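What follows is a short report on a single structure.
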Amino acid sequence: MAPLCGRRLYYTINFVAGLAIFFFGYDQGVMGGVNTSPDYVTTMGLGFSTYAGPSEGYVATITRPTKQGGIVSIYYLGTLLGCLMGGIAGDRIGRKRSMMLAAAWVCVGAALQASAQNLAWMLCARVVNGIGTGCLNAVVPVWSAEVATHTSRGAFIASEFTLNIFGVVVAYWMEFGLGFVGDGNTQIRWRFPIAFQILPLLAFIAFLPAMPESPRWLLKVGRAEEAKVILGRLRSETGDPEDSTATAEFDDIVAAVALEQAHSKRNTYFSMFFGLHDDGDLHIARRVQLSIWLQIVQEWVGIAAITVYAPTIFAEAGYSARKSQWLSGLNDITYMISTLLAVVTIDRWGRRVGLYWGAIGQGVSLILAGAFSRLLKDHPDKASEYGGAAAFFVFLYTAVFGATWLTIPWVYPTETFPLEVRAKGNAFGVFGWSIGNGWLTLLNPVMFSAIGENTLHIFGAVNFLSIPMVYALYPETANRTLEEMDLLFASKSPWVWDEEEHFARLKKERAELEHVGNLKHRTPHADPESPDVREVDEKLSTEKA
């Protein structure tokens, strides 16, 4: 059977990577239902359960919320450790082997969680699971970015995040349905959903050996012929390694590898973070900070707050517990559908525009959701009107977030780092995501307890504050090759306007060098002593130096 080539290979890779991203979303969403399972709550000593009648079944009451939050947040300690491990493994042993090991590790963690008998067991299992997930998150997006074309890289990864939110939807509705089994007071209500995450991982492990390794990683480790064959399969419908698109990309990667390997001392996490040995114009530390803070801010624009507070808004609007759960599930479906907008716009409009309009839409939605929640409390006689308005802005917020800020902070770190440290660079993005998530998992309940719906106003303000941050510090990466990123960040100034000006100048100079270089080598009668050719030699020597 002939190997897959061109679009068929491209879409198959997208699907296989999507299995891992689906698991990631499912794993994120599953604990929401587990935390409300009466048997889980009593098994872990988090509270008690009461029978609320045949329509509602057993309902859990949490008396130890700090312990409950600790079980959830300790997972992010695992992802923080795992992403650093994944970054090292991804750059050292390759993308495929790293993903295979991480997926097997997560299967062990999921099995430990599903069989947990007490709090200590569950805490350890959550850390184990988090380590494997962090490793996958560090490597899978990098693999996707390195096989994608520069004009569709964002859409390639964004489409995988549709599967990510589909994982959240599947987790929610599965747990909703299991709530009707045995009046909701069964072990299966929480053990089965945790164990279910093993299935997409087994499928991922089964498909992965047939997938190609990243051609960029292969070139980095000196396996040039394999890289050329894979690039031919990716960029040509016939799999021709001599295809003009494939050979042009091959040459660009070879040049980038040669440049980056001259600075190998900067390849440790410590050196990358503090900019040690970065004596050229690569500015790795700047890229690290941009990746970390974009992921932290992604959590501070309010998605964690909406996830926590949406059921409260629905309940206060007068909906029963079951109807509130229905609305929360429908909100997740809207969330998933909205990610399809990101697939269409992320490359066409660019990363910066998406972050701009996303911040505006999210900020307005949060402020109005908070305002109507306040009116809802002050005027309970108008619960349906004010509650309906608050619910609408909750739906609007999640739709805008799914179309913009969900995906872009994950795409950005996969694009901006040099090949030599790309997996480690993306690991810093997951590092920031872990900090943002772990921090807010513990902080959100405290904020809502102290200031209620005003918490939404704080997150709404953060959205507007993120706009000047993006404008000044985050250059556009859409429709630029991964090899052009070194030119984009070559400016000594961190401001976007200086970087863009410097990038345009370097691109122009490089185009001139390529043109005169080709002229010299392709014109057999060129006089080596002519002033033009001497100037070419000097420029080429300078460029190589």
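Keep in mind that what you see is a predicted model, and the values were worked out from it rather than measured.
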Ring pair (Phe, Tyr, Trp, His ring centres under 6.0 Å) partners of [X], counting only residues at least two apart:
X    : answer
W217 : none
F395 : none
W121 : none
F176 : W173, F180, W326

Listed once per pair and sorted, the salt bridge (charged side-chain N to carboxylate O under 4.0 Å, His left out) pairs that draw on residues 166-192, sequence neighbours left out: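 Listed once each, the pairs would be none.
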Quick one: salt bridge (charged side-chain N to carboxylate O under 4.0 Å, His left out) pairs with a partner in residues 16-30, sequence neighbours left out? none
Set of residues satisfying side-chain hydrogen bond (donor to acceptor under 3.5 Å, both in side chains) with respect to [X], sequence neighbours excluded:
X    : result
Y11  : R7
R352 : Y356
S291 : none
S159 : N14

How would you list, by chain and number, every residue that makes a salt bridge (charged side-chain N to carboxylate O under 4.0 Å, His left out) with R351, sequence neighbours excluded?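 Testing R351 for salt bridge (charged side-chain N to carboxylate O under 4.0 Å, His left out), a comparison that skips the adjacent residues, returns D347, E415.
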Got a list of side-chain donor-acceptor pairs under 3.5 Å for residues 202-213, not counting sequence neighbours?
from : atom 1 : to  : atom 2 : distance (Å)
E213 : OE1    : R95 : N      : 3.3
E213 : OE2    : R95 : N      : 3.3
E213 : OE2    : K96 : N      : 3.3

Using a strict cut-off of less than 4.0 Å between a Lys/Arg side-chain nitrogen and an Asp/Glu carboxylate oxygen, indicate whether E249 and R216 qualify as a salt bridge.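 Yes, this pair counts.
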Pair [X], [Y]: side-chain N/O donor-acceptor within cut-off below 3.5 Å:
X    : Y    : value
S434 : T79  : yes
N331 : T398 : yes
Y386 : S373 : no
T43  : Q117 : no
Q362 : N463 : yes

When you look at CH2 of W357, are more than 12 heavy atoms from neighbouring residues, nucleotides or ligands closer to it than 6.0 Å? yes
How about [X] and [Y]: are their ring centroids closer than 6.0 Å?
X    : Y    : result
W190 : F196 : no
W293 : Y474 : no
F156 : Y10  : yes

Quick check against the 3.5 Å criterion: does N137 have a side-chain atom that pairs as donor or acceptor with the backbone of V430? no
Kindly assign one of parallel, tilted or perpendicular to the pair W300 and F459, based on the angle between their ring planes and the thresholds 30° and 60°. tilted
For the pair F24 and W433, name the ring-plane relationship: parallel under 30°, tilted 30 to 60°, perpendicular over 60°. perpendicular
Note, Y40 side chain near M122 side chain (heavy atom, < 4.5 Å): yes
Identify the heavy atoms of R480 and E476 that sit nearest to each other, and give their distance. NH1-O, 2.7 Å
Of all heavy-atom pairs between A403 and A342, which one has the smallest distance, and what is that distance?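 That closest heavy-atom pairing would be O-CB, 3.4 Å.
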